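Sharing a structure here in structure tokens format.
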Amino acid sequence: MIRVRFAPSPTGHLHIGGARTALFNFLFARRNRGTFILRIEDTDEVRSTPESVGGILEGLRWLELDWDEGPEIEADGSGVKLTGRENGDFGPYFQMERQDLYRKIATQLLSEGKIYRCYCTAEDLESMRRHAQLSRIPFKYDGRCRELSEDAMRGKAASGEPHVLRFRMPQEGATQFKDLIHGDLSFENNLLDDFIIVKSSGIPTYNFACVVDDHFMKISHIIRGDDHLSNTPRQVRLFLSLGWEVPIFAHLSMILGPDGSRLSKRHGATSVEEYKSLGYLPEAMRNYLALLGWSTSDSQQIFAPGELAQKFDLEHCQKNPAAFDAQKLLWMNVTYIRGLADPELLERSLPWLEGAGFWNSKTAPPKERLRAIMRLEKEKYRLLSDIPKLLDFFFQEPKFDPQAVEKVLNAENASQVLTDMLAELGKLDPFTAKSIEENARRYAADKKIKNGAVFHPLRVAVSGRTQGPSLFEMIEMLGQTVVLGRIRSALQLPR
RNA sequence: GGCCUGUUCGUCUAGCGGCCUAGGACAUUGCCCUCUCAAGGCAGAGAUCACGGGUUCGAAUCCCGUACAGGCCA
């Protein structure tokens, strides 16, 4: 039975890297008819926030990475909310609610002598660290509390001195584990120190809580970023000393910024939330993220719905880090937008049209008309947020681009052309793209001027700019009354 | 500083000993189409497979070293 998990710390937004890890876990689960579990690792008391939990869940939901077990949420218009209930038989899925379990396991380990109390203070550790630095050897806890005498131990315990719990790491041999991406890996034990499993506050450390949860949640495969690779031998050691079966690992390479350094804010948007509000489509995001560090043998780029879950495998995951390429993401978004059927595209862009004040559910314009307008520029939308920007002149008076006015409307003959066309278009019936075009071309031919000398001023007059949809369809869509009005206004423009 | 992992066009990647005079995609260049901008079509440029040694009849592919990058512990 395949069981995988995504285990974010709610200390910030859902990062691109986290989203990719979640995606790979999700795809692996779906591909193998396994279970995808969401666990919240909130043991960092100071940095964890409920807002982060909400944000992360919302991001996952937006990407449609639906988890089979974990916190239950309900969605309303404004976002997702925790219900306080959970799905799955292996909860709770918040680590802070699993303290009793960690304590129980720690007690057991202590009684078996596999861990020990360490009373070293921060100052003690600091001096060890300095010492190590001075003698240019790597810092490693020296294990001085490892063999405290019974008496000393009892004394310290009686006086209630604060202590941590440390794992008794074997000093010889090696620890190996299976990694589906890197192959079998082996680490020398003597390089690992007696790491802390419970802090003096009584809160378990990441390495400990993670192992306990992965065991009790029956996780079969741990798929995570390779920044955890160095932690893995410690965790394997814990599994072993508890007599638990060790899961199979898969360490994903990191995602880097375009300059090759770790992806961070200075590279631009790094959270899923930002991409959502920028106007990216979740399916484009998923597709792009899937291809960061994974590929098929034929380098397929675009995947139909469900196809990723069908084809995904860990064997084709890249070992080396991948640079995040915003340009390719954008291309992918364009591809997906174009692939959307018109009604679907309209539904998706309604929030943006509404945001721009071009639509609302009461005053319309009717969706039929919106769809027709949107179709005019469909191949030009890179982001959903481009749509209102590109189409604004259909909904409001054009904002004249000064350069366009200077270059086109102030050109020789432009006023004459517009004046003539005003008359021509005024008597045109029917007012269709076809009739408008025939009329404009005939006019140019009669006057022996270039088509462009007619078309360009018309375009700027009705839309305010030099770039836009097919001129005649645009004019038809605007309608005779509006077009005549706009040409008149353009003729009044200060020169 | 130690350890770990990695290194194929600018970028994402295919490749798992002969099919590679290295394939695809994004970006890029030119041309065509054209009422603008796009889109589309066609053509092109771009990687001595990090470097140096081996192993082999034969290596991008296997082994060793070096360099560089990233990660973890500090």
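Note that the coordinates shown come from a computational prediction; the quantities given were computed from them, not determined experimentally. Chain naming here is simple, since letters A, B, ... match the order of the sequence lines and numbering starts at 1 in each.
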Practice task
Would you give the length of the straight line joining atom CZ of A:F6 to atom CD1 of A:I223, rounded to the nearest 0.5 angstrom?
Solution key: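 Spacing of CZ (A:F6) from CD1 (A:I223) equals 12.0 Å.
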
Practice task
Searching all strands shown, indicate the nucleotide that pairs with B:rA67 (Watson-Crick or G-U wobble; both distances under 3.5 Å).
Solution key: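 B:rU7 is the nucleotide pairing with B:rA67.
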
Handout entry: Flag for A:E172-A:N190: side-chain donor and acceptor within less than 3.5 Å
Key =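 Short answer, no.
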
Problem - Distance test, side-chain N/O of A:R465 to OP1/OP2 of B:rU36, below 4.0 Å - result: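 No, outside the criterion.
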
Problem - Under 3.5 Å on both distances, the Watson-Crick or G-U partner of B:rG40 - result: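 Across all strands, the one nucleotide that pairs with B:rG40 is B:rC32.
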
Exercise for the section: Could you tell me whether the phosphate oxygens of B:rU8, OP1 or OP2, come under 4.0 Å of any side-chain nitrogen or oxygen in A:N320? Expected result: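 So the side chain of A:N320 is within the cut-off, an N or O lying under 4.0 Å from OP1 or OP2 of B:rU8.
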
Handout entry: pair A:M474-A:F394: side-chain heavy atoms closer than 4.5 Å
Key =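 Result yes, sub-4.5 Å side-chain heavy-atom pair found.
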
Problem - Watson-Crick/G-U partner (both atom distances under 3.5 Å) of B:rC49 - result: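 Result: none.
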
Problem - Within the 6.0 Å centroid threshold, strictly below: A:H221 and A:F24 - result: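 No, the ring centres sit 6.0 Å or more apart.
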
Problem - Minimum-distance nucleotide to A:R459 side chain [options: B:rC26, B:rU36, B:rG70] - result: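 Taking heavy atoms from C-beta onward, the closest nucleotide is B:rU36.
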
Problem - Polar side-chain contact A:S230-B:rC73 base: donor and acceptor under 3.5 Å - result: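 No such pair is found, so the answer is no.
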
Problem - Options B:rC35, B:rG10, B:rG40, nucleotide nearest the side-chain atoms of A:H456 - result: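 Side chain of A:H456 sits closest to B:rC35.
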
Handout entry: Side-chain N,O (A:R338) to OP1/OP2 (B:rA39) below 4.0 Å
Key =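 Negative; the distance criterion is not met.
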
Problem - Side-chain donor/acceptor contact of A:S253 with base of B:rG70 under 3.5 Å - result: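 In this structure, the two groups form no donor-acceptor pair.
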
Problem - B:rA14 and B:rA25, which share atom name P, separated by this distance in whole Å - result: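 Pairwise P distance, B:rA25 against B:rA14, rounds to 15 Å.
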
Handout entry: From B:rC35, B:rG40, B:rG70, nucleotide with atom closest to A:L471 side chain
Key =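 The answer is B:rC35.
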
